Structures are given as C-alpha cells and as structure tokens.
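Computed over heavy atoms, backbone and side chain alike; hydrogens, waters and symmetry mates excluded. Everything numeric here is computed off the predicted structure, so don't read it as measured data.
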Amino acid sequence: MEFALDPTSAPHGVPPIDFRASLNDEQFYAVTAEPGPLLVLAGAGSGKTRTLTYRVAYLLSKGVRPSEILLLTFTNKAAKEMLHRVQDLTGVEPGRFWGGTFHSIGHRALRTHGDTIGLPRTFTILDAEESEGVLRDAVEASDRTFFKDKTHPRPGPLHSLLSMARNTQLPLAEVITRFFPQHEAIIERAPQFAKKYAEAKRAANIVDYDDLLEYWLELLKKSPETAAYFSHRFRHVLVDEYQDTNTLQSQIVDLIGSHHQVMAVGDDAQCIYTWRGANVENILTFPDRHPGTVIHRIETNYRSTPQILALANGVLEAQPKGRAFDKVLRPHRANSEKPYFVQSMDGREQAQFIVQRIRGLIDEGCSLADIGILYRAHFQALDIQLELSRLQIPYQITSGVRFFEQAHIRDLVALLRFVYNPSDTAAWNRIAVLLPKVGDKNAAKLHAAALDHAKLMKLNFIDALDTDDVKSKVPKDAKEEWPKFTASLAQVADVMRTMKPHNAVEIAIDGWYGDYLKGAFSNYVSRLDDLKSMIGFASRYEEMQELLAQIMLLNSETSDRSADPDADALRLTTVHQAKGLEYAAVFLIGLADGSFPLRRAIEAGDVEEERRLFYVAVTRARDELYLCFPKVNTKGGPVMLQTPSRFLQELSPDLYQPLKIKRSFGW
C-alpha cells in the first residue's frame with residue numbers, strides 16, 4: 001500500500017490540514033511516511049506527541065478508517081490527550097479508535113476472544129490489594145508459616161517479584177538475584193507460589209493486571225485466527241514511548257503488527273525504567289524484527305538553550321558505540337549561558353547555595369513553580385528539604401512524600417521515640433502493630449501489662465517487655481518474633497544511654513526493624529539507603545532529645561503544605577518522576593560517583609541506565625542548569641571525600657562553567 005503525498009486531500013469529511021505548514025521538516029517526513037515499519041527516534045523536547053497526533057490525522061486524511069488504527073500508550077491520559085487533539089484537527093471522535101494503554105486494549109481483546117484460550121468472558125479483574133490477598137491465601141495454603149518469618153517478602157513485595165518475572169519473561173531465580181537479592185533464600189520456593197497463585201485465579205475466574213497482557217499474548221500465539229483478525233483489522237499500529245515496553249508488550253506489538261505497518265515512537269536514550277521491566281533491547285532491535293524499517297530522527301529541540309543541549313549531546317557521545325542509536329539534539333532557541341558546575345563542601349552547603357540562587361532567580365522574575373531540584377534518590381534531598389523548611393520556602397515533592405513523612409522513616413523515628421520515652425504510647429503503637437496480628441487494641445494491652453509489671457517489680461519498662469508476664473499476653477502469631485523485637489529495643493536503649501544519637505540510629509537499623517524492612521517493601525534497598533542517611537543526620541546532634549525534637553518540629557512546620565499542583569512552590573523530584581516535565585531552571589544535586597550513578601548500580605554493572613537518567617535530568621532545563629557536586633559525604637558512617645560523577649568527568653570542561661561558592665554565597 002502506498003499513500004499519494006497530497007497533504008490537503010480529505011476523505012470521509014476530514015477537513016483539509018496543511019501538514020507542511022504545521023510541522024518542521026523532521027516531523028513532516030515522519031508524519032507523511034509511506035506505510036511500513038517506521039521507527040521514530042524523538043529526542044527530548046522535540047515534539048514527539050505532536051508527531052504522533054499528526055500521524056493519526058494524516059492516516060485519516062488518506063482514507064484510513066479510525067477502526068483500522070490502534071494507538072498504544074502507557075497511560076490512558078496520554079491516549080485521551082492525543083485522540084482529543086486528533087478530534088480538534090479532524091473532527092473524528094476519540095470513541096471511534098482503539099486507543100489506550102496496553103492493559104486496557106488487552107482487556108477489550110480478552111472480553112471478545114478470551115474463551116478461545118479457555119478464559120470465560122465473565123472474568124473479573126482484581127485490584128492491587130485484592131491480588132495480594134489472593135496471593136497471600138495461595139501461599140498460606142501451601143505453607144501457612146511463610147509470612148510469619150519477617151525476612152520473607154510480605155504479599156505486596158512477593159507480588160511485585162512475581163510480576164517482574166511475568167513481564168520480563170525471565171526465570172524467577174534470575175529475577176530474584178537481579179532485582180530482589182534480599183530474597184535469595186526463597187528462590188527454590190517461588191515457582192511453587194507462582195503456580196498456586198495462578199491456579200487460585202483460574203479457579204475463581206479472576207485475573208490480575210499482569211494477566212491482561214499474559215493472556216493477550218497467549219491468545220495471539222495460540223490462536224492464529226485471532227492473531228490474523230487483529231493484524232487485518234489494525235492496518236496501522238502506533239506505539240508511544242516504545243523504549244519503555246517490556247518483553248510481553250514488545251511481543252504483542254510484533255504479533256499484531258505482523259504486517260509490519262508499525263510506527264514505534266520513542267528514544268532509547270530515555271529508557272530509564274528497567275526496574276519496572278522495560279527492556280531497551282526492544283527499541284534497539286526493532287529494525288531486526290521488522291525488516292525494511294525506515295528510521296526517522298526528530299532532533300530539533302524547542303525546550304532548551306544551545307548550551308544545555310551541547311552538554312546533553314556530550315552525555316550521548318559518552319554512550320558505548322554500537323549500543324545506542326546515533327542522535328544529536330539541535331537547538332531552536334538562541335544562545336545563552338553555559339550550564340554551571342557548582343562544588344560545595346557538603347550537602348548542607350549545597351542546600352544553602354541553592355536557596356540563595358533561587359532567591360536570585362525569583363528576583364529576576366522566575367516563579368518558584370518553574371524551578372526544579374532533581375536528584376537520583378530520595379535521601380539525597382534531605383538537606384535541601386531541611387533548609388527550605390527552616391526558611392519557610394514553599395515546596396512540593398512530586399516524587400512522593402517529604403523525607404520525614406515516609407513510612408519507614410516514621411517507623412524508625414517512632415522506635416527511637418519509644419526507647420527514649422517508654423510512656424510515648426503513640427510511638428509504641430506505631431511500632432508494635434508491625435508485629436504479626438498485633439493491632440491497636442493488642443498494642444495498648446501489651447503496653448499496659450508491661451507498665452504494671454515494671455511498677456510491681458521495679459523494672460525498667462523495656463526490660464519488663466521481656467518478662468513472662470508480658471510475653472503471655474502476646475498474640476500467638478507474634479510470639480516467635482517477640483524476643484527479637486524486645487532484644488533489639490533493649491540494645492538501642494543501652495546504646496542510647498552510653499553513646500551518641502547516631503550510634504543508636506545505626507543499632508536500630510541493624511536490628512529488628514532492619515529485618516522487618518526487608519520483607520515489608522519491594523524497594524527495600526532504596527528504603528535502606530534512606531534509613532542510613534539518618535545516621536549522618538543524627539551525627540549533627542549530641543543528645544537524642546535534641547534530635548527527636550528537631551525531627552518533630554520539622555514535621556509540624558511542613559504538615560500543612562498545599563498539594564495544589566498549581567501552587568507557586570518549588571518542585572523537588574527524583575529524575576525518574578521528572579521525565580516528561582521541564583523547568584526554567586534545574587538544580588541537579590548530589591553529582592558524586594556512588595550517588596549518581598548509585599553505588600549499587602556501579603557494582604551491578606547497570607551504569608548505562610544511570611547515564612540515560614543523567615541525560616533525562618539535564619534535558620529538563622530550559623534556561624539554566626546547575627550541576628551540583630558536594631565534595632564530602634555525610635550520609636552515614638565516617639565522613640568520606642567524594643569524586644565528581646563519572647558522567648561529569650566524561651564531559652569536556654568546555655561544556656560548562658565553574659561557579660565558585662563564597663562564604664557569603666556570592667558568585
């Protein structure tokens with residue numbers, strides 16, 4: 001099939017569109033390309049969404065019916081926005097297309113064709129909490145004591161583990177070793193749990209989120225007639241953010257697009273979600289799986305200054321040869337200042353500099369909401385959050401909650417508060433309910449029993465927790481864990497009496513709560529990093545009372561923050577959450593080797609994804625970019641000198657300008 005390149009033809013009542021005048025050269029050639037396998041490499045800030053939207057409009061203008069177009073996206077919001085733009089251009093209503101997420105389209109396919117693979121059309125879909133409940137019951141039916149071991153993954157993390165294996169189609173043992181090393185002890189048992197979980201869902205005619213993809217792929221593989229139907233119906237398959245597809249999604253696209261009339265739009269340099277199952281190989285090998293692929297590069301960047309783009313291109317040039325598509329971002333804007341390289345003594349001086357510079361930006365007419373502070377991991381923003389809170393500068397965390405409001409930080413602080421003051425029943429209740437089958441009422445009963453026994457026997461309260469009188473009131477499911485729990489509290493109490501606050505924090509992390517953390521959260525490693533950063537924070541205080549008071553005061557100062565997305569407040573975010581966003585000025589903090597790239601990524605050999613993250617970070621800035629390097633690490637343990645990030649060292653010094661911090665923070 002070929003298109004006649006008449007940009008004003010308009011079948012089916014589609015109004016004439018002057019594609020040539022509406023698009024730049026790169027976008028125009030991609031939008032009006034002849035049918036066939038097309039890979040559109042859309043650089044940061046180059047108008048990817050515009051290109052996809054106009055491609056749909058162009059297909060309609062060439063006589064393609066809406067029902068013959070399949071648009072696959074990663075959020076329903078993205079699909080709705082694109083199809084509403086198409087409606088504005090062409091008058092064709094969104095409801096006439098099959099457009100949406102992989103999961104929503106998979107659901108539609110299974111409702112009409114699922115019985116072909118033995119899935120009744122009356123199936124119901126579980127939400128995340130229900131899925132975890134079914135998995136918990138399936139595991140306990142196989143081993144009723146499994147979840148009593150707090151180092152074992154709870155149902156939520158276990159579900160995440162199984163989900164990763166299903167979406168990547170990797171063996172469970174490999175998934176555990178690569179992504180969940182804290183659970184290597186269950187490698188032999190995980191396949192049996194997965195089998196029991198699948199059987200329980202089948203028996204109840206229920207499916208979870210991942211089943212929508214797995215069954216869709218099974219349907220396309222096992223029923224050639226169904227695969228042929230979809231391939232014939234959807235003459236044009238368009239995929240947004242193709243670099244983020246996982247193995248299941250890539251195979252689905254290949255089977256439906258067996259006619260090779262697939263347009264995959266994405267950027268291999270922005271593949272940053274392998275921890276969620278994304279596989280960069282999907283986009284890199286697209287031309288191999290679709291012979292005759294025509295590659296279109298959209299490289300004109302409308303967002304950033306030429307100097308910021310020159311630095312971004314330097315990041316791309318450092319990628320290993322042959323492991324990425326060549327691309328060069330070209331500026332549309334006029335020249336401006338080079339990015340700034342800012343060395344500070346430590347995280348606190350880094351934070352003080354940023355606040356002073358932000359004040360300057362405000363004076364120059366920049367709004368707080370148009371300034372972004374980006375970081376690789378949540379704990380790296382602790383000092384800047386403290387400084388902003390101290391100075392009452394409004395800010396929002398777009399990548400989660402504020403540091404001291406995170407569940408695991410609140411747990412640790414509650415443990416310290418209780419040991420310091422055993423009468424603090426609010427702190428006791430928070431940590432006691434983390435034990436199996438201990439609810440609020442049981443927690444209150446145990447505290448009352450320990451208090452009575454401590455008074456009667458003239459014992460220290462924490463010592464009273466380990467007496468037979470109190471143990472007898474512990475719920476059956478928590479009895480095995482109770483001695484470890486009380487021993488850990490006693491150990492923290494001993495250290496708190498004789499040593500510094502940071503020593504007590506370290507002991508608390510290494511004890512019972514550290515083991516609890518391992519089973520409670522699928523992102524255990526990053527949460528452990530957060531907790532370890534508390535050691536460095538605590539080292540600033542001589543007395544536990546002072547440390548706890550400062551934490552609680554900080555929380556009270558920030559608890560009334562507005563969640564209004566339109567509020568004029570500074571934006572703090574991880575780089576992952578910043579993808580797709582942009583700011584007039586960006587401060588990229590913590591640019592030390594071991595912090596960005598993370599040490600665990602270096603040790604695991606995952607530096608390339610970290611480099612792509614760095615590229616995403618620097619391309620968020622429109623006008624000004626500050627690359628901030630603290631020379632000293634005070635996160636925990638002994639103070640250590642750091643070296644600048646290898647991603648900075650790879651760049652030519654000509655691409656940035658040093659900005660020296662003076663004691664008055666002038667420049």
Side-chain angles (χ1 to χ4, degrees), residues 41-44 74 160-161 163-165 167-170 174-181 241-250 264 266-286 311-327 329 374-380 399 522-529 573-581 586 588-620 627 644-651:
L41 299 173
F74 276 83
S160 296
L161 187 158
S163 176
M164 175 67 86
N167 281 283
T168 59
Q169 297 194 305
L170 292 172
E174 184 177 342
V175 166
I176 292 171
T177 302
R178 279 180 57 185
F179 300 102
F180 304 91
E241 302 285 12
Y242 188 78
Q243 77 280 348
D244 293 335
T245 55
N246 61 36
T247 303
L248 279 176
Q249 291 161 334
S250 175
D267 182 2
D268 56 301
Q270 295 188 70
C271 179
I272 59 173
Y273 297 115
T274 58
W275 52 278
R276 290 200 315 219
N279 186 351
V280 72
E281 292 298 318
N282 292 343
I283 191 168
L284 294 178
T285 60
F286 182 88
L311 189 139
N313 286 330
V315 178
L316 294 180
E317 288 170 10
Q319 292 180 297
K321 300 304 177 189
R323 294 302 307 135
F325 289 110
D326 294 333
K327 65 182 73 67
L329 296 177
L374 276 56
Y375 36 87
R376 175 62 184 87
H378 208 48
F379 68 85
Q380 295 165 358
S399 54
S522 59
N523 59 343
Y524 159 76
V525 177
S526 62
R527 289 182 188 256
L528 185 61
D529 279 342
T573 176
T574 62
V575 180
H576 280 106
Q577 291 292 327
K579 186 172 179 288
L581 304 177
V586 165
L588 184 51
I589 66 175
L591 286 177
D593 233 38
S595 293
F596 199 162
L598 287 174
R599 185 162 307 286
R600 64 175 181 266
I602 297 170
E603 292 169 352
D606 293 334
V607 170
E608 285 316 301
E609 177 145 354
E610 297 283 301
R611 183 181 283 106
R612 295 193 293 268
L613 265 174
F614 184 62
Y615 168 77
V616 167
V618 300
T619 54
R620 300 309 95 195
L627 306 166
S645 167
R646 63 190 61 194
F647 303 141
L648 287 173
Q649 296 183 58
E650 290 168 351
L651 297 171

Is there a side-chain contact between [X] and [Y] in this structure, where contact means two heavy atoms from C-beta onward sitting under 4.5 Å apart?
X: Trp275; Y: Asn523; answer: no
X: Val280; Y: Arg612; answer: yes
X: Thr247; Y: Leu170; answer: no
X: Asp267; Y: Tyr615; answer: yes
X: Asp593; Y: Phe647; answer: no
X: Val575; Y: Tyr375; answer: no

Would you say the side-chain atoms of [X] pair up with the backbone N or O of [Y], donor to acceptor, closer than 3.5 Å?
X: Gln319; Y: Glu608; result: no
X: Asn282; Y: Asn246; result: yes
X: Asp268; Y: Phe325; result: yes
X: Gln577; Y: Thr574; result: no
X: Thr245; Y: Tyr242; result: yes

* Which pair of heavy atoms, one from Leu329 and one from Ala44, lies closest together, and at what distance? ->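 Heavy atoms of Leu329 and Ala44 come nearest at CD2-N, 4.0 Å.
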* For the residue pair Asp244 and Cys271, what are the closest heavy atoms and their distance? ->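 Reported closest heavy-atom pair: OD1-CA, 4.3 Å.
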Which atom pairs, one a donor and one an acceptor, fall under 3.5 Å between side chains of residues 594-602 and the rest of the protein, sequence neighbours left out?
unit_1, atom_1, unit_2, atom_2, d
Arg600, NH1, Asp529, OD2, 2.6

* Starting at CD of Glu609, measure out to OG1 of Thr274 and round the result to the nearest 0.5 Å. =>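 Between Glu609 CD and Thr274 OG1, I get 3.0 Å after rounding to 0.5 Å.
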* **Pairing of Lys579 and Glu241 as salt bridge, 4.0 angstrom limit** =>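 Salt bridge present between Lys579 and Glu241.
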* Hey, can you tell me if His576 and Tyr273 have their rings parallel, tilted or perpendicular (30° and 60° cut-offs)? =>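 Correct class here is tilted.
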